[in-house]
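Just so you know, ligand 1 is whichever comes first in the structure, and atom 1 is the first atom listed for that ligand.
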Amino acid sequence: VLFRSIKGVNDILPDVIGLWQKVESSARKVFSLYGYEEIRTPIFEQTELFARSIGQTSDIVKKEMYSFTDKKGRAVTLRPEATAPVIRSYIENKEHFRKAITKLYYLGPMFRYERPQKGRSRQFHQIGVEVVGGYSPYTDAEVIEVGYQFFKNIGLGDIVIEINSVGCPECRPRYSKALKTYLEDKIGTFCEDCQDRYQKNILRILDCKVKEDILQLNDAPVVTDHVCEECSEHYKTVQNALNILKVPFTINQKMVRGLDYYTKTVFEIKHGSLGALDAVAAGGRYDNLIHELGGEKKGAVGFAVGMERIILALTERLETGIDTYNLDAYLVSLGDESFKQNFILQDRLRKAGLRIDISYDAKSIKAQMKQADLSKARYTLIRGDNELADNVITVRDMKSGDEKKIKVDDIESWFARNSQRISAVET
Ligand code: ATP
Ligand code: MG
């Protein structure tokens, strides 16, 4: 039998892993500047945790969860997102989270049973942050800012940030009522899902992806015309703070997000290179989730970034010019003595912190140059009889093709001066 990976569940191969690592290390670097610490929660949790938090009428809970019962008959689910797990852990481990504000970030795989396509898979990866403990609108701005800085850091500063307010349990019913009135004589022509949403969770209609439905929503009332004084003030302060931080944003009055737990601020980050699936990140404030999951009354705000879509956007960018190298140099040997000397040199250079590889079954120079290319080496170091006699080595720039001889003793200092290391893995 020929085994294949499961549909929608993909390998991430060494070819592209450098990019993943670069994105992950950017996240760690940027988030730590703002005082965030990493948390790792389990891959699976009680099904009830997700059903309660994300909401019974959400797409995720209705049709996308990988749920099963274990040998003792417990209902468990592979995590479709990490906010609920992080909050579950925050409540469960409260003696470890004693600061007024806890700032956490996570990265790892999530699981949703969806139709696989470009930028959408069944196992996918998210990087996210959660700020737990407060209600300040300045935190919302900080969370959006940290996301913006992350995107700038990885070279995707040309994102669009859309924000909206979805109000709170105080004022949202007023809006639901207005929307219900508007849709009363139209809902019959909407898709089946929307008809169901109309009964159970009317706001979710705004999230519908059916074109005809979207058209009919053009003149629908918007949440921000119906929010209470407190939500309105909150929203204004978030916008002011974003202006102070010079974070560019636009307002999208129709955005409600697909998860039930959001209150007040919601936002999405989009990147133009991705067509219809242009959302690379999404998040918002959720002031009632902690209490609903059995914790104290505390506010929180966070977002999650979709790794696969970032990698797609970055790959497009790469085709327009950024190189990543997996090695600083590949050693090419011509003959036994050359190989022996290179074997010693390889050890010396690695211990000096350079990324080095060698051909162990040295064949022709041409074959070795090909291996250097496949290894994504920035330079090759070539040693033939002449070089051996003179105690030098030929350095070939794999990008320009330029060659020059340098003293074997000087290789480390030459690299320190010359190599513009576009490192795949930041050290
Ligand atoms: P979409 O509308 O694209 O289904 P969503 O609203 O379900 O997105 P969120 O739950 O907010 O997405 O997750 C945040 C981000 O995670 C998304 O913006 C997207 O980049 C990414 N994401 C969500 N589902 C998938 C998936 N199945 N495959 C790859 N990335 C995903
Ligand atoms: Mg989705």
Exercise for review: Pull out every atom of ligand 1 sitting under 4.0 Å from any heavy atom of V280, numbered as shown with elements.
Suggested key: 18 (O), 20 (O)
Review point. If you measure from the Lys or Arg side-chain nitrogens to the Asp or Glu carboxylate oxygens, is any gap between R350 and D357 under 4.0 Å?
Key: yes
Practice item. Identify whether the distance between the nearest side-chain nitrogen and carboxylate oxygen of R52 and E292 falls below 4.0 Å. Key: no
Revision key, fill the gap. If you compare M307, R257, E81 by their heavy atoms, the one closest to atom 9 (P) of ligand 1 turns out to be R257
Exercise for review: Check each atom of ligand 1 against the heavy atoms of R112 and keep those under 4.0 Å away; list them by number with element.
Suggested key: 5 (P), 7 (O), 9 (P), 10 (O), 12 (O), 13 (O), 23 (C), 24 (N)
Practice item. Before accepting this row, confirm whether a basic side-chain N of the pair D287/R285 lies closer than 4.0 Å to the acidic partner's carboxylate O. Key: yes
Check your understanding: Can a salt bridge be assigned to the pair E81 and R112 using a cut-off of 4.0 Å between side-chain N and carboxylate O?
Key -> no
Practice item. Mark up the atoms of ligand 1 that fall under 4.0 Å of a heavy atom belonging to A281, in ascending order. Key: 18 (O)
Exercise for review: Return a yes/no value for Q126: is any of its N or O atoms, backbone included, closer than 3.5 angstrom to an N or O of ligand 1?
Suggested key: yes
Check your understanding: Are K63 and D193 ion-paired here, with the side-chain N under 4.0 Å from a carboxylate O?
Key -> yes
Practice item. Determine, for R355 against D328, whether the closest basic-nitrogen to carboxylate-oxygen distance falls under 4.0 angstrom. Key: yes
Exercise for review: Identify, by atom number and element, the atoms of ligand 1 in contact range of A282, meaning under 4.0 Å from any of its heavy atoms.
Suggested key: 11 (O)
**Study point:** ligand 1 N/O within reach of A279 N/O, cut-off under 3.5 Å
**Key:** yes
